[in-house]
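For the single chain, residues carry numbers from 1 onward in sequence order. Just so we're clear, the structure is a prediction, and the values are computed from it rather than from any experiment.
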Amino acid sequence: IENINVRIAKEKEYVDSFVYKDLYNDIMTKLREFYSGEEEQLNKKLKENISKFDIDELKLPNSIANCDFSSVYKNLKLLGEYKTSFEKTNFLLSMNETMINEAKRAYEKETGKNLEIQGDFMQSCWVYIIAHSGVKNLIAESLFFKLFQVKKGYGENEYIINAFVVAVEFIKNELLKSEKDINV
């Protein structure tokens with residue numbers, strides 16, 4: 001069974017490296033074009049309603065206000081430059097690590113205690129980062145992660161990717177819901 005898993009992993013890397021790399025520009029161009037109106041509306045509403053994504057609303061520790069997320073904001077804007085699932089995943093994992101380390105540093109400095117990183121915290125932190133980052137094409141980027149991940153599973157890496165995707169969907173749903181939407 002291990003040989004089969006190794007073969008499958010190699011096949012996925014091959015598809016990622018040689019197929020998606022060439023198709024990436026076409027895929028992302030179509031996603032960006034298709035969602036351009038929604039992206040524009042999302043960016044506008046995000047600027048108008050940024051208070052919906054502040055520390056208190058997201059139930060984040062007050063120490064988050066003292067975090068220097070400038071490198072995460074700046075680097076997250078580079079997400080669209082990565083062309084393969086593997087590259088995007090590694091980049092997102094790096095951004096997650098920077099975000100969490102900064103949150104831990106600020107929390108420990110303010111309280112003298114260690115910050116426990118749990119799923120809700122990470123999810124809220126991603127919502128906060130994404131909402132305040134000014135990153136464009138969030139819908140297209142999250143859809144790429146959602147639809148075109150070569151390696152899918154239930155490990156830590158996939159959890160982080162899912163946290164990013166869910167954060168974008170949360171912001172989108174929060175800001176773009178209309179009065180015609182019916183809650184069941």
Side-chain angles (χ1 to χ4, degrees), residues 28 31-32 35-80 82 85 88-111 114-149 152 154-179 181 183:
M28 289 306 288
L31 286 173
R32 287 179 184 138
Y35 289 98
S36 65
E38 230 174 322
E39 291 275 6
E40 193 175 303
Q41 192 177 12
L42 180 67
N43 289 328
K44 180 182 174 199
K45 291 207 175 215
L46 193 52
K47 288 177 186 171
E48 294 169 357
N49 298 287
I50 195 67
S51 64
K52 284 186 171 192
F53 307 102
D54 67 12
I55 293 167
D56 293 332
E57 289 290 321
L58 295 172
K59 296 177 179 38
L60 287 166
N62 291 333
S63 61
I64 295 294
N66 299 322
C67 289
D68 180 11
F69 289 129
S70 60
S71 69
V72 177
Y73 296 149
K74 178 183 168 196
N75 289 328
L76 200 53
K77 292 176 182 175
L78 303 175
L79 182 60
Y82 295 93
S85 174
K88 283 185 172 297
T89 297
N90 284 341
F91 180 75
L92 198 61
L93 298 177
S94 172
M95 292 298 92
N96 186 76
E97 183 178 356
T98 302
M99 173 184 74
I100 295 300
N101 287 341
E102 179 60 21
K104 282 181 177 179
R105 183 203 60 76
Y107 185 82
E108 290 170 10
K109 183 177 179 182
E110 186 174 302
T111 67
N114 289 333
L115 178 63
E116 302 249 351
I117 304 299
Q118 298 174 353
D120 290 345
F121 172 81
M122 187 186 307
Q123 190 65 58
S124 293
C125 213
W126 268 115
V127 169
Y128 181 82
I129 291 290
I130 291 168
H132 292 87
S133 69
V135 173
K136 305 290 186 222
N137 299 312
L138 285 170
I139 297 170
E141 291 295 343
S142 70
L143 281 172
F144 183 84
F145 278 113
K146 188 174 182 177
L147 302 173
F148 297 102
Q149 276 297 303
K152 290 188 177 184
Y154 301 102
E156 182 181 350
N157 294 353
E158 290 77 21
Y159 184 79
I160 293 167
I161 291 167
N162 190 55
F164 175 82
V165 170
V166 169
V168 172
E169 288 176 352
F170 175 80
I171 293 168
K172 181 181 151 199
N173 291 339
E174 193 67 27
L175 295 176
L176 299 183
K177 62 184 172 189
S178 71
E179 293 175 12
D181 292 342
N183 292 328

Could you go step by step and tell me if Leu115 and Phe121 meet the side-chain contact (heavy atoms from CB on, under 4.5 Å) rule?
CA-CA 10 Å; Leu115 178 63; Phe121 172 81; 3.6 Å; yes

Could you go step by step and tell me if Glu110 and Asn62 meet the side chain to side chain donor-acceptor pair (under 3.5 Å) rule?
CA-CA 9 Å; Glu110 186 174 302; Asn62 291 333; 5.5 Å; no

Would you please test Lys172 and Ile139 for side-chain contact (heavy atoms from CB on, under 4.5 Å) and show each step?
CA-CA 8 Å; Lys172 181 181 151 199; Ile139 297 170; 3.9 Å; yes

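Applying the salt bridge (charged side-chain N to carboxylate O under 4.0 Å, His left out) rule to Glu169 yields the partners Lys146; only residues at least two apart in sequence or on another chain are considered. By the ring pair (Phe, Tyr, Trp, His ring centres under 6.0 Å) test, Tyr82 is found to be paired with Phe91, residues two or more places apart in sequence or in another chain being considered.
Put simply, the side chain of Phe144 does not reach to within 4.5 Å of the side chain of Leu79, judged on heavy atoms. Between Glu38 and Leu176, some side-chain heavy-atom pair lies under the 4.5 Å cut-off. Using a 4.5 Å cut-off on side-chain heavy atoms (C-beta onward), Tyr159 and Met122 make contact. Taking the side chain as every heavy atom from C-beta outward, Thr98 and Ser71 approach each other to under 4.5 Å. Using a 4.5 Å cut-off on side-chain heavy atoms (C-beta onward), Thr89 and Leu93 make contact. When side chains are defined from C-beta on, Leu76 does not count as touching Phe69, because their heavy atoms never get closer than 4.5 Å. For the pair Ile130/Phe164, a side-chain contact is recorded, criterion being any heavy-atom separation below 4.5 Å from C-beta on. Between Ile50 and Asp54, every side-chain heavy-atom pair lies at or beyond the 4.5 Å cut-off.
Closest approach of Cys67 and Ala103 over heavy atoms only: SG-CA, 3.7 Å. What you find for Ala65 and Ile55 is that their closest heavy atoms are N-CD1, 3.2 Å. Looking at every heavy atom in both residues, Ala163 comes nearest to Gln123 through O-NE2, 2.9 Å. When all heavy atoms are compared, the tightest approach of Val168 to Ser142 is CG1-OG, 3.5 Å. Between Gly80 and Lys88, the shortest heavy-atom contact is CA-NZ, 3.9 Å.
Asn96 places no side-chain N or O within donor-acceptor distance of the main-chain N or O of Leu92, the cut-off being under 3.5 Å. Formation of a donor-acceptor pair under 3.5 Å by the Glu108 side chain with backbone atoms of Asn114 is not found in this model. No donor-acceptor distance shorter than 3.5 angstrom exists from the side chain of Asn162 to the backbone of Glu158, with no hydrogens or angles considered. The main-chain N or O of Lys52 is never found under 3.5 Å from a side-chain atom of Glu57 such that the two would form a donor-acceptor pair.
Between Leu138 atom CG and Ile171 atom CD1 the span is 7.0 Å, to the nearest 0.5 Å. We find the CD1-CD1 distance between Ile117 and Ile100 to be 4.5 Å, quoted to the nearest 0.5 Å. In this structure, Leu31 CG and Ser36 OG are separated by 11.5 Å, a value rounded to the nearest 0.5 Å. Taken from CG in Leu60 to OH in Tyr128, the straight-line distance is 8.0 Å, to the nearest 0.5 Å. A distance of 12.0 Å separates CD of Gln41 from CG of Leu46, quoted to the nearest 0.5 Å. Atom CD1 in Ile129 sits 9.0 Å away from atom CD in Glu102 (nearest 0.5 Å).
Lys104 NZ: 12 or fewer foreign heavy atoms inside a 6.0 Å radius. No more than 12 heavy-atom neighbours from other residues, nucleotides or ligands sit within 6.0 angstrom of CD on Glu116. Environment of CG in Asp120: sparse, with no more than 12 heavy atoms of neighbouring residues, nucleotides or ligands closer than 6.0 Å.
With respect to the salt-bridge test (charged N to carboxylate O, under 4.0 angstrom), the residues Arg32 and Glu141 qualify.
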